[in-house]
Amino acid sequence: MLTAKREQIYLEIVKVLKRAKADGQLQFTEIPDFTVEVPREKAHGDFATNVALLLSKTECKAPRQIAQIIVDNFSSGVEQLEKIEIAGPGFINFYLASGWLYQILPLVINEDEKYGCSNFGGGERIQVEFVSANPTGLLHMGNARGAALGDTLSNVLEAAGYEVTREFYINDAGNQIENFGKSLEARYLQLLGQEVGFPEEGYHGEDIIETVKNIITEVGDQYLELESGLRREFLIQKALQEKLSKIKKDLVQFGVEYDVWFSEQSLHDSGAITRTIEALQQKGFVYEQEGALWLKTTAFGEEKDEVIVRSNGLATYFAADIAYHQNKFERGFEKVINIWGADHHGHVARMKGAIQALGYEPEKLQVILMQLVRLFRGPEIVRMSKRSGEYITLAELVEEVGRDAARFFFVMRSPDSHLDFDLDLAKKESADNPVYYVQYAHARINSILLASTEKLASAAEIDFTLLTEAEELALIRKIAEFPDEIVGVAANYEPHHLTRYAHELASLFHSFYNSCRVLTDEKPLRQARLYLVNATRITLRNVLGLLGVSAPERM
RNA sequence: GUGCCCGUAGCUCAGCUGGAUAGAGUAUUUGACUACGAAUCAAAGGGUCGCAGGUUCGAAUCCUGCCGGGCACGCCA
């Protein structure tokens, strides 16, 4: 609705500009990249454009003078356009006939759970890789943030018309797995009464002990007889299985389900890494030095080259990740999004370089870096240490504050911002908790609809022009913005705008509720307001759905 | 030392592809429940947008330098 109207205005302006140029009133050689947007201030009309300001330089005229030329040439190509005004330094404000927005309401009701969806993405295939935690432990707050962001972004991309694949890359290879094996073995032997030391760099967490206890319950002491290498391998297999199923379960509890779980080890086993390295060699980006193979990432602006095969013959994590990305592109994804912790930022440029070396456009890879999460209980910071295994896990978080609050809080902030997560606030069932604020609006609507015993009237029976209060119009406008909002989030990868939108929508509803009685005695007005309330309900429910937050009917 | 992120109201943060009077929540103060849920609403106060220059009709937004905080700089992942 908004989009269509904006386009109409935009095209009309372009027409006017061309005509003015043909008449010699304007001299520009190229139409500048101007905008038509909904102004922040209501007093500035329904839409506004900055085109006159942008033209002022090339025209050598005052912006307001140019605006006047445009306004004078404006014809009636835009329906419902009531008034055009020049304002401020040279903005042109467009005022539409009051009530032009009413058309959005029947549309919302008809589209229902599809309201907000569009075909912006045109069915393009896009892959979102997120969390991708080491399967050697449990999910921590950083993983949780990634899970909330990745899943919400995926939901939004789907709503915007992309075909999305959610993927978890399992780091089940390399040194950490070695290390994991040593830790498991030490615990195994200790639990069976042997006096052995624990590896300095090992995984000290309690959860490893639990895992080993479970293994002992299953296999008893029969691994004691085995040669150490074999014993570790068995322990690793068992433990990985258990850890992964726990990770999966915890993510499901968090509302996150993946389409693909991709094993790093499988890239080693299948020879994919070798093939990728050969491809890079063929293109001349690989050389040998001091027994190792290096990738010439300096060819793509990096400060130094990177090792892809160590002198001990083992491929590095980087090599595996390159093979993984090649695999992604071979599967036909047109765009690939990775959500990584900020501690991996050094990896971004070289990954893009590697992609370029393979002959793909580096822009196809989009990395969202997220800053760290700090946990608080009120003013007290919650100290955590991954090394010692003392940290709060995703499962514990969901247990403590609930999935709704957790997901909302993680998405609330820009990924670029450090996130201070206050457990006390997230648990609070009160006004200062933004999750409840939004959910409350939904529950409240539901109880109005319950209280009204009559059947909702159809759009044809309703006189929408009765909705004239400022609160009503503001609410309708916000509802109308929803599809645009989704496209914006999908285009710029900014899921945090969604929580903001949800809050604003709820807020406008509460204001409306407090100033306009819905269940009034005047039937036509009551029907119109009930219709608006129902449209609000649908929009709220849909935005909460994208966030992975429930829309309760009662609280 | 080099690279990336951050610095906006007392606090937590939006706004950053340049646009009109810099916003929200919270906290503080004051009002509103004998009608649809007060987990709500209405209103007030609160700002050198880290500092200094520059670019231009216009800068929180772009550029340069500096200050403060975080992260990363491995034949780890």
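Convention: sequence-line order gives letters A, B, ...; per-chain numbering from 1.
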If you assign each of A/Pro63 and A/Ala451 to its closest nucleotide in RNA chain B, which residue comes earlier from the 5' end?
A/Ala451

Would you mind telling me which residue lines up with the more 5' stretch of RNA chain B, A/Asn492 or A/Asn312, judged by nearest nucleotide?
A/Asn492

Considering only B/A14, B/A72, B/C5, which nucleotide approaches the side chain of A/Ser414 most closely?
B/A14

Is [X] close enough to [N] that one of its side-chain N or O atoms is under 4.0 Å from OP1 or OP2 there?
X        : N     : value
A/Arg529 : B/C36 : no
A/Arg444 : B/A38 : yes
A/His510 : B/G37 : no
A/Tyr437 : B/C41 : yes
A/Ser515 : B/A42 : no
A/Tyr317 : B/C75 : no
A/Ser417 : B/A14 : yes
A/Arg374 : B/G69 : no
A/Asn175 : B/C76 : yes

Considering every strand and a 4.0 Å limit on heavy-atom distances, what is the contact class for [X]: base, sugar-phosphate, or nothing?
X        : result
A/Glu303 : sugar-phosphate
A/Arg350 : base
A/Ala349 : nothing

Can you run through RNA chain B from 5' to 3' and write each base as (, ), [, ], | or . depending on how it pairs? Watson-Crick or G-U wobble, both distances under 3.5 Å.
(((((((..((((.....[...)))).(((((.......))))).....(((((..]....))))))))))))....

What nitrogen or oxygen pairs link the protein and nucleotides 27-30 of chain B at under 3.5 Å?
none

Measure the distance from NE2 on A/His503 to C1' on B/G23 and round it to the nearest whole Å.
13 Å

